[in-house]
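Remarks on the structure that follows.
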Amino acid sequence: MTPDLSVEVGGLKLRGPVLAASGTFGYGTEVPLLERRALAGMVSKGIFLKPRAGTAPSRIVETPSGMLNAIGLQGPGVDALIRDYAPKWEAWDFPVLVNINGESASEYGEVAARLDGVPGVAGFEINISCPNVEQGGMYFGNDPRAAAAVTEAVRRRTKLPVWVKLTPMVSDIGVIARAVEGAGADALSAVNTFVGMSMDLHAYQPRLSFRTGGLSGPAIRPLAVHLAHQAARAVDIPVVGVGGIMRAEDALEFLVAGCRAVQVGTATFVNPNAIADVHDGIAEFMARKGFASLDELPRYLPRD
Amino acid sequence: MTPDLSVEVGGLKLRGPVLAASGTFGYGTEVPLLERRALAGMVSKGIFLKPRAGTAPSRIVETPSGMLNAIGLQGPGVDALIRDYAPKWEAWDFPVLVNINGESASEYGEVAARLDGVPGVAGFEINISCPNVEQGGMYFGNDPRAAAAVTEAVRRRTKLPVWVKLTPMVSDIGVIARAVEGAGADALSAVNTFVGMSMDLHAYQPRLSFRTGGLSGPAIRPLAVHLAHQAARAVDIPVVGVGGIMRAEDALEFLVAGCRAVQVGTATFVNPNAIADVHDGIAEFMARKGFASLDELPRYLPRD
Amino acid sequence: MFLTDAPLVERRQVARDMWVLGFAAPDIAASVKAGQFVNIGMRPGPLLRRPFSVYRAGDDRIEVLLKAVGVGTAQMLAMREGDVASCLGPLGRGFDLTLSAKTVSLVSGGLGVAPMPLAARDARAAGLQVTWVHGARTADELCSETEGDEVILATDDGSAGFAGTVVAAAPDADLVLACGPNRMLAAAAQRWPQAQVAVETYMGCGTGVCLGCAVPLTRGGYDRACTEGPVYVASDVDWPALPSHLSYAVSA
Amino acid sequence: MFLTDAPLVERRQVARDMWVLGFAAPDIAASVKAGQFVNIGMRPGPLLRRPFSVYRAGDDRIEVLLKAVGVGTAQMLAMREGDVASCLGPLGRGFDLTLSAKTVSLVSGGLGVAPMPLAARDARAAGLQVTWVHGARTADELCSETEGDEVILATDDGSAGFAGTVVAAAPDADLVLACGPNRMLAAAAQRWPQAQVAVETYMGCGTGVCLGCAVPLTRGGYDRACTEGPVYVASDVDWPALPSHLSYAVSA
Ligand SMILES: Cc1cc2nc3c(=O)[nH]c(=O)nc-3n(C[C@H](O)[C@H](O)[C@H](O)COP(=O)(O)OP(=O)(O)OC[C@H]3O[C@@H](n4cnc5c(N)ncnc54)[C@H](O)[C@@H]3O)c2cc1C
Ligand SMILES: Cc1cc2nc3c(=O)[nH]c(=O)nc-3n(C[C@H](O)[C@H](O)[C@H](O)COP(=O)(O)OP(=O)(O)OC[C@H]3O[C@@H](n4cnc5c(N)ncnc54)[C@H](O)[C@@H]3O)c2cc1C
Ligand SMILES: Cc1cc2nc3c(=O)[nH]c(=O)nc-3n(C[C@H](O)[C@H](O)[C@H](O)COP(=O)(O)O)c2cc1C
Ligand SMILES: Cc1cc2nc3c(=O)[nH]c(=O)nc-3n(C[C@H](O)[C@H](O)[C@H](O)COP(=O)(O)O)c2cc1C
Ligand code: FES
Ligand code: FES
């Protein structure tokens with residue numbers, strides 16, 4: 001018996017529970033080795049309204065079981081995305097969500113409006129880990145009101161599914177999760193990278209030109225599982241787990257912790273077939289345990 | 001030329017910059033292999049007023065480049081500490097700080113008062129990552145007012161040095177750092193463990209009996225360096241860096257990031273001589289670079 | 001306690017999937033007592049050391065017995081002669097053989113046979129008459145090595161020796177030393193409350209400083225398996241509160 | 001692009017601390033072009049793969065040239081024959097030898113000699129006359145291997161060949177291919193703006209998806225060294241904005 005791995009998440013019917021995480025899969029036109037049959041969906045690299053050059057090198061540094069990145073949301077802007085990538089996505093057999101960014105709630109809304117209805121764009125993932133210029137550089141994702149305002153601004157401009165990608169840099173992720181659920185989010189992605197720093201002992205300054213970077217990879221997995229679990233306990237909409245998934249067992253930890261699906265990021269850098277390997281490993285686990293569908297997988301979601 | 005590694009931190013003159021972190025060195029009576037000459041000081045396992053049994057097993061689980069622990073502050077209580085351990089500490093050639101805990105600000109103060117003046121107790125490290133029962137299970141360390149209240153409660157009951165150990169589970173560690181500095185702290189230790197979770201795929205429940213645990217080890221080092229750096233930028237009192245230090249280079253990252261000293265925790269589990277190795281490696285680095293004392297080490301501490 | 005970089009000097013198979021690895025570690029070999037363990041670390045490899053009972057000791061070397069159950073043990077079994085692992089030990093309190101007794105039964109299930117060769121050695125040195133009782137799920141999982149002593153075998157499926165549990169198969173004796181899965185030890189505790197049993201817990205440090213290896217006690221509170229244990233008087237352990245399976249796996 | 005578990009089949013020293021490792025990787029060997037690289041991963045080992053120019057290819061194997069500069073390279077040099085590494089490649093755009101030219105200078109500093117044997121092979125196949133120019137700090141750091149071509153040597157300390165930089169020692173040619181520290185390449189760019197240079201950046205993926213390997217361009221913006229590079233026309237790179245040393249070390 002081949003288990004049924006299809007899931008429905010935040011308005012999208014997916015053929016499996018494993019998506020490609022934003023910023024780790026480009027626009028889906030690279031990674032030629034990937035066995036696409038296993039890819040349930042892709043979240044594109046984060047985009048702003050206008051083109052952005054990104055940060056100066058060095059942009060990456062490895063850390064124990066992880067890596068810091070400060071890419072600075074380099075990207076061609078919405079118009080080029082519509083022209084160069086969306087037409088390709090239209091032909092693909094899995095949905096593409098666009099990871100959208102802005103320096104104000106209205107800029108987020110504007111990006112969504114421009115992409116709404118463009119063939120090939122299946123939905124949005126709002127990245128609220130961007131600096132909130134209106135509030136003086138704080139992050140939208142740290143403040144429940146700002147997070148809700150961004151979500152509403154996007155919600156008003158599109159009928160497509162809206163997912164919100166939560167930042168882990170908060171004391172209580174449940175508060176933010178409830179705020180964006182209330183503002184109309186269809187699903188949550190948990191979590192984005194953790195802010196970290198690494199010092200160069202030759203130059204006596206940070207190794208990254210941006211000083212700090214976002215930590216991803218297996219190092220953050222236990223933290224991400226906890227945050228995704230806390231988010232799942234706080235809301236009724238589905239939660240998509242992200243952070244440090246390298247193998248099927250890692251993805252299954254997120255699913256058991258209450259997530260409906262997962263995203264794989266850094267693992268793809270190490271293993272271009274990571275998504276297929278994770279998908280196949282989940283199928284193998286389900287078959288071995290005798291679960292016919294993901295609904296049968298036991299979840300640990302105490303409400304206390 | 002042998003470099004001078006002595007430092008003064010928050011009211012204590014230390015023979016070097018490397019201390020043993022709380023909860024990873026017991027009461028200093030174990031770790032027989034340790035070359036004590038290199039140990040600048042020890043922070044004892046966290047203590048409450050009354051004895052505590054701690055959490056049920058399993059208490060530990062390994063994660064990539066890290067480990068989760070949920071020991072539950074098992075300990076004999078203040079009276080047994082005074083009777084069984086302080087007399088030993090009195091004879092040692094390095095200072096022992098007691099890591100103190102409480103469920104209310106006044107309990108912290110009470111613990112400090114009982115230990116104040118006990119020979120062998122050189123100072124306190126306030127652990128504000130304890131659940132604040134008065135505020136319904138939130139952590140003292142998440143809230144600047146609660147953190148300041150605890151610091152003041154201890155400050156009023158002792159003339160000994162008071163260090164405050166910050167939790168990383170906050171949006172802006174600078175706010176907490178400034179609050180406890182204002183409340184009379186002599187130094188800050190940054191940081192405690194990050195809350196994480198790991199799921200058992202046989203039992204479909206958390207691997208730790210306490211559900212969640214604190215993540216320590218090299219996995220968290222880039223996050224800890226960033227937080228210690230942010231704390232050092234926010235205050236004028238010294239900051240002691242903690243988190244994932246395995247080797248001298250790791251300690252030097254914290255020192256370059258603005259810390260006055262460091263604590264080594266999980267590394268001792270892996271290498272009982274870790275503290276001596278880190279100390280000796282710092283001395284070797286200083287000699288190689290021609291620095292006569294730690295004051296000459298360049299610091300990266302922009303104030304913007 | 002010694003900390004040494006120990007080269008692999010020996011490797012032999014003793015049951016299906018079960019191997020003995022020998023490491024050159026003279027100081028540990030000279031001082032280890034039955035029931036004590038070593039904490040083995042690898043670089044590169046998982047962060048924490050892995051605890052293993054010392055299986056045999058002598059000729060400047062220690063031996064450990066293992067199966068691949070996760071990343072650490074798989075990596076150990078992939079070592080080639082000359083590769084080096086870091087060994088910390090001997091650790092913990094071993095079996096107490098100073099008690100007045102004439103006969104001893106060494107009762108082991110599966111990998112629980114690990115401390116028994118040393119136990120047999122020390123028991124004989126103390127003038128005791130030794131009986132081995134060793135069980136496994138099936139015949140080819142039985143450890144093929146003994147020290148020339150009489151062995152009572154048991155298998156769950158009856159494919160060799162007594163059909164049933166090793167605890168049921170064992171004769172009484174003045175002294176019972178037992179090691180195996182915690183579930184088996186709980187059964188042993190029912191039959192022989194005074195048995196000395198070597199328990200397994202998840203360990204952080206192995207040296208008494210982390211309090212990770214908590215063993216729940218019938219008198220209340222927790223002991224450290226690495227320091228007060230891993231050998232306990234069976235009736236001192238609160239068996240229902242001790243996790244009976246530890247099937248956690250670390251991935252990169 | 002191929003992903004393959006490649007056993008180590010060869011290992012030889014070619015200068016002080018400098019080694020060539022050969023891996024059995026038939027598909028990569030058959031398709032790699034000069035200036036392309038492979039991304040090598042180890043389990044257990046550091047998280048990210050490590051990029052290496054392909055030094056030679058043929059007989060179902062690829063060779064890479066390296067020194068131990070950190071954990072990854074140290075671990076690779078500790079491999080024994082038969083040990084396996086994961087190889088992903090060939091990656092990147094190599095040297096363009098389709099340009100009309102009669103002579104080519106291969107200018108390399110230190111480990112920058114890595115892409116040159118393949119460059120010499122491909123250049124000869126394109127009918128070009130090849131001159132090697134290879135420099136290092138001192139004589140015993142010069143790579144001892146060439147493909148039988150004429151070699152102009154240079155050392156900073158004058159202990160062999162020309163005393164001075166490799167850029168100063170090199171003759172002009174219709175085509176200049178250069179590889180070495182970014183600082184050396186910046187000097188090459190001054191002298192030969194049209195030279196093809198293979199740059200080094202910190203890489204996340206090697207396959208174009210992470211945008212980590214940014215190369216600042218004189219026309220503004222950034223390229224991906226792993227995809228649009230690692231070979232660039234020297235004048236296209238904004239050298240002051242490209243980090244000239246990458247001395248980061250990862251620890252466990
Ligand atoms: C005192 C003592 C003596 C032991 N003696 C032996 C022996 O002689 N032979 C033998 O094969 N095994 C022995 N074990 C068990 C052995 O330590 C584990 O099987 C080993 O640590 C697994 O490592 P892994 O990386 O392969 O597994 P992982 O992938 O990490 O996990 C798989 C299993 O190993 C357990 N485990 C992992 N890390 C530890 C740790 N640090 N401490 C305790 N358990 C852990 C997990 O709970 C789980 O059951 C002993 C354990 C203890 C506490
Ligand atoms: C296209 C390309 C081709 C290369 N070809 C060769 C070659 O033929 N021979 C050779 O010896 N070296 C080559 N390098 C450099 C080589 O990749 C690094 O020396 C190696 O990654 C160091 O790994 P480490 O773990 O030993 O060092 P670490 O301890 O990680 O760091 C030490 C040094 O390696 C650099 N480094 C670490 N990881 C990476 C990474 N993922 N990408 C780039 N740099 C990194 C650091 O910046 C630092 O300079 C090449 C690099 C690139 C980008
Ligand atoms: C190089 C890189 C670039 C990223 N870019 C984005 C981005 O543009 N938008 C976003 O929401 N997340 C971005 N992320 C975060 C990932 O989508 C993911 O949340 C994070 O890496 C944790 O997952 P992982 O450990 O599987 O990589 C990026 C991560 C990396 C490593
Ligand atoms: C097993 C264990 C127990 C700990 N107990 C305490 C404690 O009682 N009080 C405290 O403030 N920190 C405690 N800590 C946190 C450490 O002191 C330190 O802040 C943390 O482990 C990060 O440093 P490391 O990565 O070097 O271990 C404990 C850590 C571990 C691993
Ligand atoms: S394993 Fe750390 S106290 Fe026992
Ligand atoms: S290394 Fe990832 S895009 Fe070049």
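Bear in mind the structure is a predicted one, so any value in this text is a computation, not a measurement.
Contacts of B:Thr266 with chain C are made by side-chain atoms alone, with heavy-atom separations under 4.5 Å and no backbone atom involved. Within the 4.5 angstrom heavy-atom criterion, only backbone atoms of C:Ala241 (N, CA, C, O) approach chain B.
Residues C:Ala85 and C:Ile40 share a closest heavy-atom pair of CB-CG2, 3.8 Å. For the residue pair B:Ala40 and B:Arg15, the shortest heavy atom distance occurs at CA-CG, 4.2 Å.
With respect to chain B, the highest number of heavy-atom pairs below 4.5 Å among C:Gly221, C:Pro216, C:Ala214 belongs to C:Ala214. Heavy-atom pairs under 4.5 Å with chain B were tallied for C:Gly208, C:Cys210, C:Gly220; the largest tally goes to C:Cys210. Most heavy-atom pairs under 4.5 Å with chain C, from the set B:Ala267, B:Gly26, B:Gly265, B:Ser198: that is B:Gly26.
The local environment of CZ in C:Arg93 is sparse, with at most 12 non-hydrogen atoms from other residues, nucleotides or ligands closer than 6.0 Å. With a 6.0 Å radius and a threshold of 12 heavy atoms from other residues, nucleotides or ligands, B:Phe210 has its CZ atom at or below the threshold. C:Asp59 CG: 12 or fewer foreign heavy atoms inside a 6.0 Å radius.
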